[in-house]
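If you read the sequence from its start, that first residue is 1, and numbering goes on from there. Note that the structure is predicted; figures quoted are calculated from it, not measured.
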Amino acid sequence: MEVRPGILRTPDACFEGLPGYDFAPNYVEVEDARLGPLRMHYVDEGDRNAPVVLMLHGNPTWSYLYRHMIGPVVAAGYRVIAPDMIGFGKSDKPASRADYGFDRFVAWMRGFVEALDLKGITLVCQDWGGPIGLRVVAKCPDRFAAILAANTLLQNCDPPPLGVPDWPGEAIAAWVETCRTSEDLPLDLLVGRACVTDVPDEVLAAYAAPFPDASYKKGMLQITCGIPIAEDAEGLEANRATWRFLESWDKPFLTAFSDQDPATIAWEEVFQRRIPGAKGQPHTRISNGGHFVQEDQGPPLAQVLISFLRANN
C-alpha cells in the first residue's frame, strides 16, 4: 500500500503466521532530505541495558534471516537488534529505483543507529550488511566495539593484496546487468539457490512476504546495481576510504564464513590480513553452509557469536 506518494509499505497481513518469527515489531523514523521521513522496522529483543548486538541482513533478505540466532544470543545475556533496511522487510519501500543508491543505504543505516543512540555495538554483518555496516562503522566508530563478518565483502576493485583476484569478474557483471534489466525476480529461487540445505516452501514464502508484487521490489533490484564494479561507481571511493579506516581498527574483528559460498570466500583472507583487530582471533568456517549461512546454520553461527562476545566483553 502507498502511505504517501512514492512510498510503499507492505501490509501487515503479509507477515501473519510466518514460521519461527514471532518477534514484536518496533519502528523508528530515519530522515531523508529528498523523500522525507522513512519508517524502519527492527527486532529488539533482550534486556535494554545489555550489550548490543546489531545484526544486518543483505539482499534479498530481511530480519527474518536471523530468527535462528536471535533467541540463543538473547538467552546468553545480550540485546539483539535486527533492522530491516529501507526497501526490505517491514520497512518503507520507495517506489522508484532512482530513490536507491549505495550511499543512501549507508545514510539510512547510520540514521537508524543514531536514532536509537546505540553504543558499544557488536556488528554482525552478512552480504550487503557488510559493505553498508562497515561504512557506518567508519563514520561513527565510537559507537562500535567489535565486528563479526560472515559471507560478506567490501568491494574495492583493487587487485591483491588490497582486494581479491579477478574481481568483479564476469559473473558479478552479469548479475548486475540482470538486475538492471529486470522488473521482477523470484525471491524463493534467489534465497533457495543460495542455501545448501533444503529450505521449506513456507520459509521461502516468508522471505518473499515483504514483496507482494513487483512494485515493492525496486530496492531489491537496485541495490545490486549499486555494486561498485567500475572506477567511477558510486561508493567505490567511500569503500576504499573504509578499508583505510579498517587498517587502523584494532578492536576485535572475527570472520565466520561458511564452507560453501564461493561468492564471498576470497574476501575472508583480505579481512583477516588487512584489519589489525583480526589478528589472533579464532576465525572459523561454518560447515554445511551456503551464502545465507544464517538460514543453513543459524544455531552454530550463534554459538560462534556468543563465544566471541564473551571473549571480548
Item to check | The single option from Met1, Lys90, Lys93 passing side-chain contact (heavy atoms from CB on, under 4.5 Å) against Thr10 | outcome: Lys93
Checklist entry - Among Val73, Val43, Leu65, which one satisfies side-chain contact (heavy atoms from CB on, under 4.5 Å) with Met55? => result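 By the side-chain contact (heavy atoms from CB on, under 4.5 Å) criterion, Met55 pairs with just one of Val73, Val43, Leu65: Val73.
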Checklist entry - Has Lys139 got more than 12 heavy atoms of other residues, nucleotides or ligands less than 6.0 Å from its NZ? => result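 Incorrect, the count does not exceed 12.
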Checklist entry - For Asp201, does the CG atom have more than 12 heavy-atom neighbours from other residues, nucleotides or ligands under 6.0 Å away? => result no
Could you give the distance from [atom1] ([X]) to [atom2] ([Y]), rounded to the nearest 0.5 Å?
{"X": "Leu204", "Y": "Leu189", "atom1": "CG", "atom2": "CG", "value": "8.5 Å"}
{"X": "Tyr21", "Y": "Ile70", "atom1": "OH", "atom2": "CD1", "value": "6.5 Å"}
{"X": "Asp99", "Y": "Gln222", "atom1": "CG", "atom2": "CD", "value": "10.0 Å"}
{"X": "Ile7", "Y": "Leu38", "atom1": "CD1", "atom2": "CG", "value": "5.0 Å"}

Checklist entry - Is Phe88 close to Ile223 at the side-chain level, that is, under 4.5 Å between some pair of heavy atoms? => result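 Yes, their side chains come closer than 4.5 Å.
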Item to check | Validation row, ring centre Phe15 to ring centre Trp62 under 6.0 Å | outcome: yes
Checklist entry - Using 30° and 60° as the class limits, which term best fits the ring planes of Trp243 and Trp267: parallel, tilted or perpendicular? => result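 If you compare the ring of Trp243 with that of Trp267, the planes turn out parallel.
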Next on the checklist: Once you measure the plane-to-plane angle for Trp128 and Phe102, does it fall in the parallel (<30°), tilted (30-60°) or perpendicular (>60°) bin?
Outcome noted: perpendicular
Checklist entry - Any chance the side chains of Gln126 and Asn151 put a donor and an acceptor closer than 3.5 Å? => result no
